[in-house]
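The structure appears below as structure tokens.
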Amino acid sequence: MKVVITGIGVISAAGVNLPQTLETFQHVRRNADFTSLFPIDLPYPVFEVPNIPEKWQGNRIRTLSLALCAVEEALDDAQLSDKLSGLRVGVCLGTTVASQLNDIDFYDTYRNTGSAPMGPVDRFLKGNLAEAVAGAIGADGPCCTVVNACSSGSDAIGVALSWLKSGVCDIIIAGGADELNRVPLCGFGSLGIVSDSLCAPFDRDRKGLNLGEGAGIVVLETEPVARQRGKNPLLFLAGYGLTSDAYHLTSPHPDGIGLESALLKSLIDADITPQDVCFVNAHGTATRDNDRVEGMVLARVLGQDIKVLSTKGYTGHTLGAAGGLEAVFTAAALREGWIPSSAGFVNRDDEIPITPVTKKTPIYGHYAISTSLAFGGNNASLVIACTESHS
Amino acid sequence: MEGQKEEQLAKIRTKLKELLIDSLSLEDIEPEDIKDDEILFGEGLGLDSLDAVEIVVLLQRNFGLQIKDKKQAKNVFYSIDTLTRHVYANRVK
Amino acid sequence: MSLSIAGIGIVFTRGRGIDSYDDALRQGWIPPSQIELPYVPDKPFLVYQIEKETLTDRSILKRIRRADRFSKMAVLAAFDAVHDSGITREDEISSLGIITATALGPHTTTFRFLDDILDYGDVNVSPTLFSHSVHNAATSYIASVLNSHGPTVTLTHFFFSFHQALILAEAWLNEGRCKHVLVGSVDECGAVMEYICSRKLRTAQDGRIKPFNFSPFPLAVPGEGSVFFLITRGECRKRYCEITGVYMGTNNIEEDRPDMYVIDANGLTEDEIKYKDTLIPNALVAGYAPVFGSIMTGSSFNCAAAALMLKNQVQYACPVQDNPFGVNLCAMTEHAQIEEIQCIKNSCDQKKAVIKLKRS
């Protein structure tokens, strides 16, 4: 059963929608700076969304604002805005920050005085991301939030694929969203994997990641449902592979066996061979470990000459949003026929057998892969396809 | 003088052992079970990469020490002894 | 839907293991612990906590020395579910799917990390605490301890987290992503959450959750714990029962009358009157939250009770039998012929979920 992508929407530091984002990619603009959202005693640049559209600014939960902005674009693209009633529409979203009760002011007040206002707690209890989005758009099908750390967005799309194949519902809004927050910035800093300069994925001299924020959303439908609505979709979600390293809480398996397995499973799921893949939107966080392991595995499975990029040079590592954003970028690239340069990459690392693209590159072919690796050893691989090829 | 230095080294060594046991959740180990020249990573205590960054924070908090980079960390974190001597030579607190 | 429950593992206030749970269900209600909240010393707080000794197991936990209570609960329950199922082949365990449901995640570790930020500053925080404050740390440890490389996911949807996990488990088995799935829930108490409970919940001062009061202002006694089920469609040495349906929605679901309802009334939602409206008149009803406490993912515990009843053909007496509406509640623990049980969860915003279980 074919699962089609009928709409895509995105917001990040690279742009508040897809056209703006593609413009940023074309001009290799990297919109990073110190955060304006909260005071912090750390010298790390971040990729902050400078201007959430006013319509979505009212939300007290920033992640929800980001999500709703991207959802609106995706629903418009799918021609589903205001048309959800009567359809079984599910929502499956990945996040990290929005699932945690980590309000520092609340906790500080509680520690100092023994009591604290319940506002942050109430927001948290009403703020399950998928549930909140479903409520905002009037989707009354299943909804669920995936909290798989850095692969949450990809895995939410994977869950949605499973739901559609099982007939749980007809249409699903899937992807990921996450906001910049002091807590993970401190946390990643303590792990020694954050760079004090702009990140350089796969580069010989890479020093670590930059955090970012955003949301990436896809509208998924079964092909019969989409055609019944009069849609003739170009894009489809061809396959998904998910594995666990079972190795370490914060480091990937040094041989990348988990990622290799996820990649292979996604190829089998999509019924394609490595030769069918025209490019990979890699996880590419710019940490020493991730890029070395991921690069080695991509070369091993897809060949050293596979076209690779990391879009984290434009968005930062958006944690729970990353998989969603990168699925959208992968789909858009297939549709538009080009991938941007892998921003931040200058010098090849001899330990990494693949070389990211260094300029805007035309792509030819029907299939592309988006990979995500997460804390806890999750490895996710999405195969996205386009019925039209630009060859 | 030498005696004073040895005494201070011994104090630091003991404190480090206690801090390591506590911060790294080393179970069923007392400070006296850890040899003075115990190797920290690989064999010996068998610590890993997450422990390494935890030790970096431990040194910052307790002794005001920064570890510059991975190369320095590799040398300083080799054993209890190298760690102790580094703290002795560079501590701020 | 037809999923076999082949193994169950459980860690809760009265111990560890499905046999402990069976004992507790037979024993009935016992008083919760009385603890002092750190900043509210003159107001004792009632809670069903897990004892420290329950979470010690050198052989299983020695590989995961840094794991916090949240992860330890989940690891032990998951490990026990696999052991209970009798599945021992390495290839089957290494390809297990693992789906963990949690309503609140490892919040005690999150607050400890916030302690670090507040006490030591942004620069001197513990990376170990940070790495354990992510919701999927527990699942990661389960995979690690079992050496399982199959698909793993952690889901959160407050009261319906466990239901979503079951739905996904079925989908994975349909797709052939794995042959067996470990599905479970984990949620913990902790000082800050206990404070929040003291503010937001009405606590039962006599320590008794009363599921059949169907009160618009129900009373709770917070609890914590983890339950995991080894779910399969394949051959298995042991079979508790079959899960034949998981239904979610806002509509009142018309169902055939089961032999028994188990209701997840536990004082955590604002209004429990809906449970009364759900029941077909005179149907046999039970509710076991008074045994394990008020937990957002408590549906998994009631599901485990239902599985035990179907396997052993026994009905457990309701631990608290206050019954102002005179429903036909299960008053005695005794042998019974039970073919189908429905576990029902209502939330405060009119949502409802039903898990249907049938005798194998």
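Residue numbering restarts at 1 for every chain, and letters A, B, ... go by the order of the sequence lines.
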key: Contact class of Val146(A) relative to chain C, heavy atoms under 4.5 angstrom   = both
remark   = Ranked by heavy-atom pairs below 4.5 Å to chain C, first place among Pro184(A), Gly192(A), Cys186(A), Gly376(A) goes to Cys186(A)
task = Would you mind telling me which of Asn128(A), Asp178(A), Thr145(A) makes a side-chain hydrogen bond (donor to acceptor under 3.5 Å, both in side chains) with Thr95(A)?
result = Asp178(A)
ask   = Would you find a donor on one side and an acceptor on the other, under 3.5 Å apart, between the side chain of Asp116(C) and the backbone of Ser126(C)?
value = yes
query = Do you know the tightest heavy-atom contact between Val293(A) and His253(A)?
reply = CG1-O, 3.5 Å
message = I'd like to verify something: which residue of Arg111(A), Glu131(A), Arg182(A) has the highest number of heavy-atom pairs under 4.5 Å with chain C?
response = Arg111(A)
query = So do the side chains of Met248(C) and Lys351(C) get within less than 4.5 Å of each other, counting heavy atoms only?
reply = no
Part of Tyr247(A) within contact of chain C (heavy atom distance under 4.5 Å) = backbone
task = Determine whether more than 12 heavy atoms belonging to other residues, nucleotides or ligands lie under 6.0 Å from atom NZ of Lys165(A).
result = yes
inquiry  = Do Leu191(A) and Ser131(C) make a side-chain contact, defined as non-hydrogen atoms from C-beta onward lying under 4.5 Å apart?
reply    = yes
message = Under a 4.5 Å cutoff for heavy-atom pairs, which residue among Glu170(C), Glu175(C), Arg63(C), Arg177(C) has the most contacts with chain A?
response = Arg177(C)
ask   = Does the side chain of Leu211(A) reach to within under 4.5 Å of the side chain of Leu319(A), using non-hydrogen atoms?
value = yes
inquiry  = Need one label for Cys92(A): side chain, backbone, both or neither, based on atoms under 4.5 Å from any heavy atom in chain C.
reply    = neither
query = In terms of heavy-atom pairs under 4.5 Å, which option from Asn124(C), Val134(C), Leu168(C) contacts chain A the most?
reply = Leu168(C)
request  = From the options Arg69(C), Glu188(C), His132(C), Glu224(C), select the one residue that forms a side-chain hydrogen bond (donor to acceptor under 3.5 Å, both in side chains) with Thr108(C).
outcome  = Glu188(C)
request  = Could you check which of Gly158(A), Gly241(A), Cys143(A) has the highest count of heavy-atom pairs closer than 4.5 Å to chain C?
outcome  = Cys143(A)
inquiry  = Please check if the number of heavy atoms outside Asp271(A) that lie under 6.0 Å from its CG is greater than 12.
reply    = no
note = Pair count under 4.5 Å, heavy atoms only, with chain C: among Asp155(A), Asp108(A), Thr250(A), highest is Asp108(A)
key: Largest heavy-atom contact set with chain C, pairs under 4.5 Å, which of Val121(A), Thr96(A), Val183(A)   = Val183(A)
query = For Asn174(C), is it the side chain, the backbone, both or neither that has a heavy atom under 4.5 Å from a heavy atom of chain A?
reply = side chain
note = Max heavy-atom pairs within cutoff under 4.5 Å with chain A, candidates Leu146(C), Val153(C), Thr110(C), goes to Val153(C)
key: Contacting region of His107(C) [heavy-atom separation from chain A under 4.5 Å]   = neither
key: Ile35(C) versus Glu194(C), closest heavy-atom pair with distance   = CD1-OE1, 3.1 Å
key: Contacting moiety of Ile167(C), where chain A heavy atoms sit under 4.5 Å   = side chain
Check: Ser226(C) and Leu76(C) side chains under 4.5 Å, non-hydrogen atoms = no
query = What part of Ser115(A) is in contact with chain C, defined as an atom under 4.5 angstrom from a non-hydrogen atom: side chain, backbone, both or neither?
reply = both
key: Residue part contacting chain C, namely of Phe106(A), when any heavy atom lies under 4.5 Å   = side chain
query = Can you say whether Ser133(C) sits under 4.5 Å from chain A via the side chain, the backbone, both, or neither, judging by heavy atoms?
reply = both
task = Against chain C, work out which of Ile257(A), Asn102(A), Leu125(A) has the most heavy-atom pairs shorter than 4.5 Å and name it.
result = Leu125(A)
note = Bottom line for Asn379(A): the part with an atom under 4.5 Å from chain C's heavy atoms is neither
inquiry  = Under 4.5 Å from any heavy atom of chain A, what part of Asp115(C) do you find: side chain, backbone, both or neither?
reply    = both
query = Does Phe188(A) have its ring centroid less than 6.0 Å away from the ring centroid of Phe130(C)?
reply = yes
Salt bridge (Lys or Arg N to Asp or Glu O under 4.0 Å) pairs, two or more places apart, involving residues 87-106 of chain A = Arg88(A)-Asp170(A)
request  = Just give me the residue among Met193(C), Lys200(C), His135(C) that pairs up with chain A most often, heavy atom to heavy atom, under 4.5 Å.
outcome  = His135(C)
inquiry  = Taking side chain as everything from C-beta outward and backbone as N, CA, C, O, which of these in Val147(A) sits under 4.5 Å from a heavy atom of chain C? Side chain, backbone, both or neither.
reply    = both
task = State, to 0.1 Å, how close Thr156(C) and Ala103(C) come at their nearest heavy-atom pair, and which atoms those are.
result = OG1-O, 3.4 Å
ask   = Of all of Phe158(C), Tyr195(C), Phe160(C), Trp172(C), which one pairs up most often with chain A through heavy atoms under 4.5 Å apart?
value = Tyr195(C)
remark   = From the list Leu118(C), Ile117(C), Thr100(C), Leu155(C), the residue making the most non-hydrogen contacts under 4.5 Å with chain A is Leu118(C)
